[in-house]
Amino acid sequence: MLPIPAEELNGSGTLGPYWNFYRAVVAEQLSRWLPGEPSVVLDLSGGRGRWSGQAARAGHRVIELLDFRRTVDAQSRLRDAGRVRHVRADDLSFLPDESVDAVVAEERAMSIELMSESVMSDVARVLRPGGRTLVCVDSLVLGMAILAEQGQWQHLRQTGEVMLVPWPDGSITRCFSSGQLRELLMGAGLEVEWMRPRTVLSPSTVDHVLGSDSRALTWLVRTELEAHPDDDDTVGIHLVASARKA
């Protein structure tokens, strides 16, 4: 079975408490990760999240690369007007070398972009020395679960190769093991600082705890982020990693 039912993966299903928890984890992780001083932050999340606004409210100048294939929430653009520069482009050629301090690639950006190596090389190019990137991808566990649900058993042994998984909506996702994500980052010349599943707490656990006490969200988020399942790709639907340019 899928770690989370397929219809729930975009947050539109019935697992409301879990997705509230998930987004709170992302927000707190990003808050801890962002530079301590005002910086230039590039957001590659495609306008699919609220992370540009969070970075801007933390005092950073933000460039958000929007996805041509997706309609971006107009209210979000209006709310962040003046703090976030929105750019629609196919690549990062509009940015000069070593022009940003941090790059955020949330919302599975490197899994949706199948040519991840090319994008990551561009990320390394635009990062200043000492700059960092935060990357979230679909995990191999998720990919194998989706293939199993589809009855594609013949593909489940190909774990050493690039795993491209068709979704019911016709899109394709690229799923990574921790080793493959490490290779992606190191192949671009970046030094991996840490890597972990985005969440290790199960939806049933989160639902049970929040169902007993809705005030427990802060405690759950702190418990999640204090866990140290480094490089463990046997749990969780997504992997997240931080890497630095020397």
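Partner of Val135 under the side chain to side chain contact (heavy atoms under 4.5 Å, CB included) criterion, out of Leu239, Val192, Leu185, Val240: Leu185 alone.
How far CZ of Arg85 is from CG of Leu42: 10.5 Å, rounded to the nearest 0.5 Å. Summarising the geometry, atom SG belonging to Cys136 is positioned 11.5 Å from atom CG belonging to Leu30; distances are rounded to the nearest 0.5 Å. Taking CD of Glu113 as the start and CD of Glu117 as the end, the distance is 10.0 Å to the nearest 0.5 Å. Taken to the nearest 0.5 Å, the CG atom of Leu66 stands 5.0 Å off from the CZ atom of Arg88. Atom-to-atom distance recorded for Leu220:CG and Asp213:CG is 9.5 Å, nearest 0.5 angstrom. Atom CD of Glu64 sits about 9.5 Å away from atom CG of Leu44, to the nearest 0.5 Å.
Of the possible polar contacts, one joining the Ser111 side chain to the Arg174 backbone as a donor-acceptor pair under 3.5 Å is found. A side-chain donor-acceptor contact under 3.5 Å links Asp101 to the backbone of Val40. At least one donor-acceptor pair under 3.5 Å links the side chain of His60 to the backbone N or O of Ser39. The closest donor-acceptor contact from the side chain of Thr223 to the backbone of Trp219 lies under 3.5 Å. Side-chain atoms of Ser99 do not come within 3.5 Å of backbone N or O of Leu95 as any donor-acceptor pair. For Lys245 (side chain) and Pro129 (main-chain N/O), no donor-acceptor pair under 3.5 Å exists by modelled atom type.
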Check step by step if salt bridge (Lys or Arg N to Asp or Glu O under 4.0 Å) holds for Glu107 and Arg50. CA-CA 10 Å; Glu107 303 293 321; Arg50 62 193 74 180; over 6 Å; no

Glu193 and Arg244: CA distance, side-chain angles, deciding distance, salt bridge (Lys or Arg N to Asp or Glu O under 4.0 Å) verdict: CA-CA 7 Å; Glu193 297 181 307; Arg244 180 185 299 273; 2.9 Å; yes

Between Arg198 and Val25, is a side chain to side chain contact (heavy atoms under 4.5 Å, CB included) present by the stated rule, with each step listed? CA-CA 8 Å; Arg198 168 55 41 86; Val25 168; 4.1 Å; yes

Evaluate Val165 against Ile172 for side chain to side chain contact (heavy atoms under 4.5 Å, CB included), listing each step before the verdict. CA-CA 6 Å; Val165 179; Ile172 302 291; over 6 Å; no

With side chain to side chain contact (heavy atoms under 4.5 Å, CB included) as the test, would you mind laying out the steps for Gln54 and Ser31 before giving the verdict? CA-CA 8 Å; Gln54 180 179 340; Ser31 178; 3.7 Å; yes

Test log, rule salt bridge (Lys or Arg N to Asp or Glu O under 4.0 Å), inputs Glu28 and Arg23: CA-CA 9 Å; Glu28 180 60 23; Arg23 295 185 185 102; over 6 Å; no

Using the rule given for side chain to side chain contact (heavy atoms under 4.5 Å, CB included), can you reason through Met144 versus Met163, listing the C-alpha separation, both sets of side-chain angles and the distance that settles it, and then say yes or no? CA-CA 9 Å; Met144 294 178 70; Met163 178 175 281; 3.8 Å; yes

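Counting only heavy atoms from C-beta outward, the side chains of Asp43 and Leu65 never approach each other to under 4.5 Å. Residues Ser116 and Phe176 have side chains in contact (heavy-atom distance under 4.5 Å, counting atoms from C-beta outward). Counting heavy atoms from C-beta on, the side chains of Arg196 and Glu224 come closer than 4.5 Å. Side-chain atoms of Arg108 and Thr173, non-hydrogen and from C-beta on, do get closer than 4.5 Å to each other. Looking at heavy atoms from C-beta onward, Pro197 lies in side-chain contact with Val200 at the 4.5 angstrom threshold. By the 4.5 Å heavy-atom criterion applied to side chains, Ser178 and Met195 are counted as neighbours. Put simply, the side chain of Val119 reaches to within 4.5 Å of the side chain of Met110, judged on heavy atoms. When side chains are defined from C-beta on, Asp138 does not count as touching Ile237, because their heavy atoms never get closer than 4.5 Å.
Looking at every heavy atom in both residues, Cys175 comes nearest to Gly143 through SG-CA, 3.5 Å. The two residues Met120 and Leu190 make their nearest non-hydrogen contact at SD-CD1, 4.1 Å. Across all their heavy atoms, Trp51 and Ser45 have their closest contact at CD1-OG, 4.1 Å. The shortest non-hydrogen separation linking Gln180 to Ser177 is OE1-N, 2.9 Å. Between Leu34 and Ala55, the shortest heavy-atom distance links the atoms CD1-CA, 3.9 Å. Considering every non-hydrogen atom in both Ala246 and Glu191, the closest pair reads CB-OE2, 3.5 Å.
Residues Thr205 and Ser202 bring a donor and an acceptor atom of their side chains to less than 3.5 Å of each other. Using modelled atom types and a 3.5 Å distance limit, the side chains of Tyr18 and Thr199 yield a donor-acceptor pair.
The neighbour count for Arg32 CZ, taken as heavy atoms of other residues, nucleotides or ligands under 6.0 Å away, is above 12. Sparse packing is recorded around CZ of Arg61, with 12 or fewer heavy atoms of other residues, nucleotides or ligands lying under 6.0 Å away.
Following chains of ILVMFWY side-chain contacts shorter than 4.5 Å, one cannot reach Leu184 starting from Met115, and the two form parts of different hydrophobic clusters. Both Trp194 and Val104 belong to a single network of hydrophobic side chains, linked directly or stepwise wherever heavy atoms of I, L, V, M, F, W or Y lie under 4.5 Å apart.
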